[in-house]
Amino acid sequence: MLDDKGVMHFFRDEYVWTGFHGLAQLINETWGGLDGPVDAAFRVHSKEQPLAHQRMFVFKGSQVWSFFEGLLVPGFPRNISLEFPGVPDNLDAAVECHLGECKTESVIFFKDDTVYIYSPREVPAVKIRHWTALGPCSAAVRWMEKYFCFKGVNFTRFNPVTGEVLSPKLLDTRDYFVRCPGRGHGSKQNYSHSSIINRCSGQSFEAFTSDDKGRTYAFRGGWYIRVDSVKDGWHAWPLNHTWRTLHGQVDAVFNWENRMYFIQGSKVITYVTDQLYIPVLGYPKSVHEELGVTGIDAAFTCPSSSKLYVIKGNTLTMVDLVQSPRVARDNKTIAISQVDSAMCNEHGIYLFQGPHYYWYKDVAELEAATELPKIGIVTTQFFDC
């Protein structure tokens with residue numbers, strides 16, 4: 001379970017490990033009023049209920065404990081049947097599912113071979129499923145927008161809506177979730193690979209983007225890093241972990257109307273940004289056919305705008321995505337050239353060049369500028385290095 005500060009906790013027997021390495025502690029010494037072993041645990045995600053948001057729930061037998069900022073919430077422990085009506089006692093595992101990844105804010109409970117999906121805003125509030133391909137889980141966790149089912153020391157990734165198994169084989173927790181001497185899925189990678197997946201390496205990124213849900217991504221060398229989820233830690237993932245048909249480097253990425261567009265060479269690939277990223281039929285298409293441009297160094301759209309801005313060399317071109325067919329127009333010369341990537345969000349426009357970035361308040365300021373603004377460091381501003 002992740003706590004309200006984004007720290008992972010591992011429970012086994014009477015002990016708990018805090019963080020991805022370190023010594024075990026007795027549960028009853030660190031979690032007031034709770035004795036191990038425990039059955040299940042999860043961190044609540046409910047922005048519509050601020051008082052409950054980020055609370056942690058820990059289950060044992062027929063009771064549930066709730067903690068926030070390290071303290072037991074008054075009124076707990078309570079019977080599970082009172083706090084989560086319709087959810088059974090003696091659970092095996094539990095994991096929260098966020099809105100956008102599930103239809104509504106939900107909690108997925110596992111007991112034996114039965115799954116109980118608790119969605120208090122739906123009728124009925126509890127739906128029963130049998131995910132035979134996934135099978136029983138001894139623990140479960142959501143981390144970095146991904147859902148993991150543990151089976152003893154092994155784990156697999158799964159789809160929280162369908163229960164589909166997403167890992168080609170069972171993986172060992174000691175190679176991924178905890179740091180053990182001589183183990184680790186990245187321990188034998190070469191320096192070049194390490195510089196790609198290490199957010200603090202200073203190597204340039206090929207693309208940045210922020211989607212309509214506020215999720216911000218950085219892309220490099222066929223991998224991506226989620227930028228806005230620092231509270232849950234940092235991790236690089238292969239592109240096909242999230243965009244299942246996408247492989248290799250990308251040249252530019254932008255978002256518009258619940259779709260994410262990836263530019264790879266002369267092709268564009270599109271995904272619907274729904275509960276999961278779903279590839280749109282009919283793609284890839286040529287960049288010229290889809291966008292009316294040829295050659296892209298970087299591209300961005302700003303929130304709630306249909307205007308796509310494409311940068312090639314030191315030329316800024318606008319494409320109105322509402323128009324059909326789409327036509328490039330309003331070419332403007334800008335003060336910066338040869339950018340690696342670009343992004344626009346609620347804070348303004350960022351142009352990235354190697355380990356540095358330049359910030360502009362809006363498109364008008366970018367077009368009017370005759371000199372480069374103050375330089376910023378990408379790893380410091382975006383990756384907390």
Asker: Atom NZ of residue position Lys127 - does it have more than 12 heavy atoms of other residues, nucleotides or ligands inside 6.0 Å?
Answerer: yes
Asker: Look at the side chain of Arg326 and the backbone N and O of Glu290, then say whether any donor-acceptor pair between them is shorter than 3.5 Å.
Answerer: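 Between the backbone of Glu290 and the side chain of Arg326 there is a qualifying donor-acceptor contact (under 3.5 Å).
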Asker: Check whether Gln264 reaches the backbone of Gln249 with its side chain - one donor and one acceptor, N or O, closer than 3.5 Å.
Answerer: yes
Asker: After noting the C-alpha distance and the side-chain angles of Ile311 and Leu351, does the key distance pass the side chain to side chain contact (heavy atoms under 4.5 Å, CB included) rule?
Answerer: CA-CA 10 Å; Ile311 300 174; Leu351 302 187; 3.7 Å; yes
Asker: How about Phe254 and Tyr309: do any of their side-chain heavy atoms sit closer than 4.5 Å?
Answerer: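 Answer no - side chains too far apart.
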Asker: Between Tyr176 and Phe155, how do the two ring planes meet: parallel, tilted or perpendicular, split at 30° and 60°?
Answerer: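 Perpendicular.
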Asker: Using 30° and 60° as the class limits, which term best fits the ring planes of His9 and Trp31: parallel, tilted or perpendicular?
Answerer: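 Answer is perpendicular, since the angle exceeds 60°.
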Asker: Which class fits the ring pair Phe208 and Phe352: parallel under 30°, tilted 30 to 60°, perpendicular over 60°?
Answerer: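 Phe208 vs Phe352 ring planes: parallel.
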Asker: Taking the six-membered ring of Tyr217 as reference, does the NZ or CZ atom of Arg226 fall below 6.0 Å from its centre and within a 45° cone about the axis?
Answerer: yes
Asker: Of the non-hydrogen atoms in Gly295 and Val310, which two are nearest, and what is the gap between them?
Answerer: O-CG1, 4.2 Å
Asker: Below 4.5 Å, heavy atoms only, C-beta onward: do Trp131 and Ile108 meet side chain to side chain?
Answerer: yes
Asker: Could you check whether Asp330 pairs with Lys332 (Lys NZ or Arg NE/NH1/NH2 to Asp/Glu carboxylate O, under 4.0 Å)?
Answerer: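 So Asp330 does not pair with Lys332 through a salt bridge.
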Asker: Could you tell me whether a side-chain N or O of Thr216 sits under 3.5 Å from a main-chain N or O of Ser210, the two making a donor and an acceptor?
Answerer: no
Asker: Taking C-beta and beyond as the side chain, do Glu101 and Glu145 meet within less than 4.5 Å on heavy atoms?
Answerer: yes
Asker: Taking all heavy atoms of Phe11 and all of Ala41, pick out the closest pair and write down the distance.
Answerer: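 Nearest heavy atoms, Phe11 then Ala41: CE1-CB, 4.4 Å.
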Asker: Any chance CG of Leu82 has more than 12 other-residue heavy atoms, nucleotides or ligands included, within less than 6.0 Å?
Answerer: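 Result for CG/Leu82: enclosed.
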Asker: Run the numbers on Glu122 and Thr104 for side-chain hydrogen bond (donor to acceptor under 3.5 Å, both in side chains), then give the verdict.
Answerer: CA-CA 8 Å; Glu122 296 186 25; Thr104 62; 2.9 Å; yes
Asker: Can you tell which of Tyr116, Phe84, Phe57 makes a ring-ring contact (aromatic ring centres under 6.0 Å, His included) with Phe109?
Answerer: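 The single option meeting the ring-ring contact (aromatic ring centres under 6.0 Å, His included) with Phe109 is Phe84.
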Asker: Could you walk me through whether Phe382 and Phe205 satisfy the ring pair (Phe, Tyr, Trp, His ring centres under 6.0 Å) test, starting with their C-alpha distance in whole Å, then the side-chain angles of each, then the deciding distance to 0.1 Å, before giving a yes or no?
Answerer: CA-CA 12 Å; Phe382 293 91; Phe205 287 89; 9.2 Å; no
Asker: Would you say Ser305's side chain and Cys302's backbone share a donor-acceptor pair under 3.5 angstrom?
Answerer: no
Asker: Rounded to the nearest 0.5 Å, what separation is found between the CG atom of Asp92 and the NZ atom of Lys151?
Answerer: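 Asp92 CG to Lys151 NZ: 10.5 Å, rounded to 0.5 Å.
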Asker: Once rounded to the nearest 0.5 Å, what's the spacing between atom OG1 of Thr301 and atom CG of Asn345?
Answerer: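 Between atom OG1 of Thr301 and atom CG of Asn345 there are 10.5 Å.
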Asker: Please confirm whether the backbone N or O of Asn79 pairs with a side-chain atom of Ser62, one donor and one acceptor, at under 3.5 Å?
Answerer: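 Not confirmed, Ser62 side chain does not pair with Asn79 backbone.
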Asker: Working to the nearest 0.5 angstrom, can you tell me the gap between Tyr147 OH and Phe158 CZ?
Answerer: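 Tyr147 atom OH to Phe158 atom CZ measures 8.0 Å (nearest 0.5 Å).
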Asker: When the ring planes of Tyr271 and Phe262 are compared, do they come out parallel, tilted or perpendicular, using 30° and 60° as the limits?
Answerer: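 Rings of Tyr271 and Phe262: perpendicular, over 60°.
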Asker: With rounding to the nearest 0.5 angstrom, report the CD1 to CD distance, Ile349 to Glu365.
Answerer: 8.5 Å
Asker: Using 4.0 Å as the upper bound for N to carboxylate O, is an ion pair formed by Arg244 and Glu164?
Answerer: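 Judged by the 4.0 Å cut-off on N to carboxylate O distance, Glu164 and Arg244 do form a salt bridge.
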Asker: Looking at side-chain heavy atoms only, is the closest gap between Trp17 and Arg12 below 4.5 Å?
Answerer: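 When only atoms from C-beta onward are counted, Arg12 and Trp17 do touch, with a gap below 4.5 Å.
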Asker: Please test Val280 against Tyr261 for side chain to side chain contact (heavy atoms under 4.5 Å, CB included), starting from the C-alpha separation and ending with a verdict.
Answerer: CA-CA 10 Å; Val280 177; Tyr261 295 77; over 6 Å; no
Asker: Does the pair Phe300 and Tyr350 meet the rule for a side chain to side chain contact (heavy atoms under 4.5 Å, CB included), with working shown?
Answerer: CA-CA 9 Å; Phe300 65 88; Tyr350 300 86; over 6 Å; no
Asker: Can you confirm whether Lys307 is buried at NZ, in the sense that more than 12 heavy atoms of other residues, nucleotides or ligands lie under 6.0 Å from that atom?
Answerer: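 It does not: Lys307 NZ has 12 such atoms or fewer within range.
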Asker: Quick one: does any side-chain atom of Glu206 pair with a main-chain N or O of Gly221 as donor and acceptor, under 3.5 Å?
Answerer: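 Side chain of Glu206 to backbone of Gly221: a pair is present.
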Asker: Any chance the side chains of Thr315 and Asn331 put a donor and an acceptor closer than 3.5 Å?
Answerer: no
Asker: Kindly check if the number of other-residue, nucleotide or ligand heavy atoms within 6.0 Å of CZ (Phe383) is above 12?
Answerer: yes
Asker: Give the minimum heavy-atom separation between Ser138 and Ala93, together with the two atoms involved.
Answerer: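 Here Ser138 and Ala93 meet closest at C-CB, 4.1 Å.
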Asker: Quick one, Gln353 with Ile375, criterion side chain to side chain contact (heavy atoms under 4.5 Å, CB included). Give me CA distance, side-chain angles, the key distance, then yes/no.
Answerer: CA-CA 10 Å; Gln353 192 178 64; Ile375 198 169; over 6 Å; no
Asker: Does Val44 reach the side chain of Glu96, with side-chain heavy atoms less than 4.5 Å apart?
Answerer: no
Asker: How long is the straight-line distance from NZ of Lys374 back to OH of Tyr357, given to the nearest 0.5 Å?
Answerer: 8.5 Å
Asker: Report whether Val293 and Val339 are members of the same hydrophobic cluster (ILVMFWY, side-chain heavy atoms less than 4.5 Å apart, transitive linking).
Answerer: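 No, it is not one cluster - the side chains of Val293 and Val339 are not joined through contacts under 4.5 Å.
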Asker: If the threshold is 4.0 Å, N to carboxylate O, is there a salt bridge linking Lys312 and Asp297?
Answerer: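 Yes, this pair counts.
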Asker: State, yes or no, whether a side-chain contact exists between Asp251 and Ile296 at a heavy-atom distance under 4.5 Å.
Answerer: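 No; the side chains remain at least 4.5 Å from each other.
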Asker: State, without any angle test, whether Asp320 and Ser306 hold a side-chain donor-acceptor pair at a distance under 3.5 Å.
Answerer: yes
Asker: Side chains of Val115 and Leu134: does their closest heavy-atom pair fall under 4.5 Å?
Answerer: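 The answer is no, as the side chains (C-beta and beyond) never meet within the 4.5 Å cut-off.
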Asker: Show the nearest heavy-atom pair for residues Asp113 and His130, with the distance to one decimal.
Answerer: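 For Asp113 versus His130, the nearest heavy atoms are O-ND1, 3.4 Å.
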Asker: Would a distance-only check, ignoring hydrogens and angles, find a side-chain to backbone donor-acceptor pair under 3.5 Å from Arg157 to His241?
Answerer: yes
Asker: Could you tell me the separation between the OG1 atom of Thr242 and the CG atom of Leu166, rounded to the nearest 0.5 Å?
Answerer: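 With rounding to 0.5 Å, OG1 (Thr242) is 10.0 Å from CG (Leu166).
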Asker: Using modelled atom types and a 3.5 Å cut-off, is there a donor and acceptor pairing between side-chain atoms of Asp4 and backbone atoms of Arg55?
Answerer: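 No; zero donor-acceptor contacts below 3.5 Å.
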Asker: So does Lys5 pair up with Asp3, basic N to acidic O under 4.0 Å?
Answerer: no
Asker: Is the ring pair His235/Trp143 parallel, tilted or perpendicular, if the boundaries are 30 and 60 degrees?
Answerer: perpendicular
Asker: Do Asn258 and Val272 make a side-chain contact, defined as non-hydrogen atoms from C-beta onward lying under 4.5 Å apart?
Answerer: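 When only atoms from C-beta onward are counted, Val272 and Asn258 do touch, with a gap below 4.5 Å.
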Asker: Report the relative orientation of the aromatic rings in Phe219 and Tyr224; use parallel for angles under 30°, tilted for 30 to 60°, perpendicular for over 60°.
Answerer: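 Plane angle between 30° and 60°, so tilted.
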Asker: List the atom of Gln203, the atom of Ile196, and the distance in Å for their closest heavy-atom pair.
Answerer: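 Answer, listing the atom of Gln203 first, then Ile196: NE2-CG1, 3.9 Å.
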Asker: Considering the options Thr245, Asn240, Leu246, which one meets the side-chain contact (heavy atoms from CB on, under 4.5 Å) requirement together with Trp243?
Answerer: Leu246
Asker: Counting distance only, does the side-chain N/O of Arg220 pair as donor-acceptor with the main-chain N or O of Ser195 below 3.5 Å?
Answerer: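 Between the backbone of Ser195 and the side chain of Arg220 there is a qualifying donor-acceptor contact (under 3.5 Å).
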Asker: Taking Glu83 for its side chain and Trp65 for its backbone only, find out whether a donor-acceptor pair lies under 3.5 Å.
Answerer: no
Asker: Mind telling me whether Phe177 and Phe148 have parallel, tilted or perpendicular rings, with 30° and 60° as the class edges?
Answerer: perpendicular
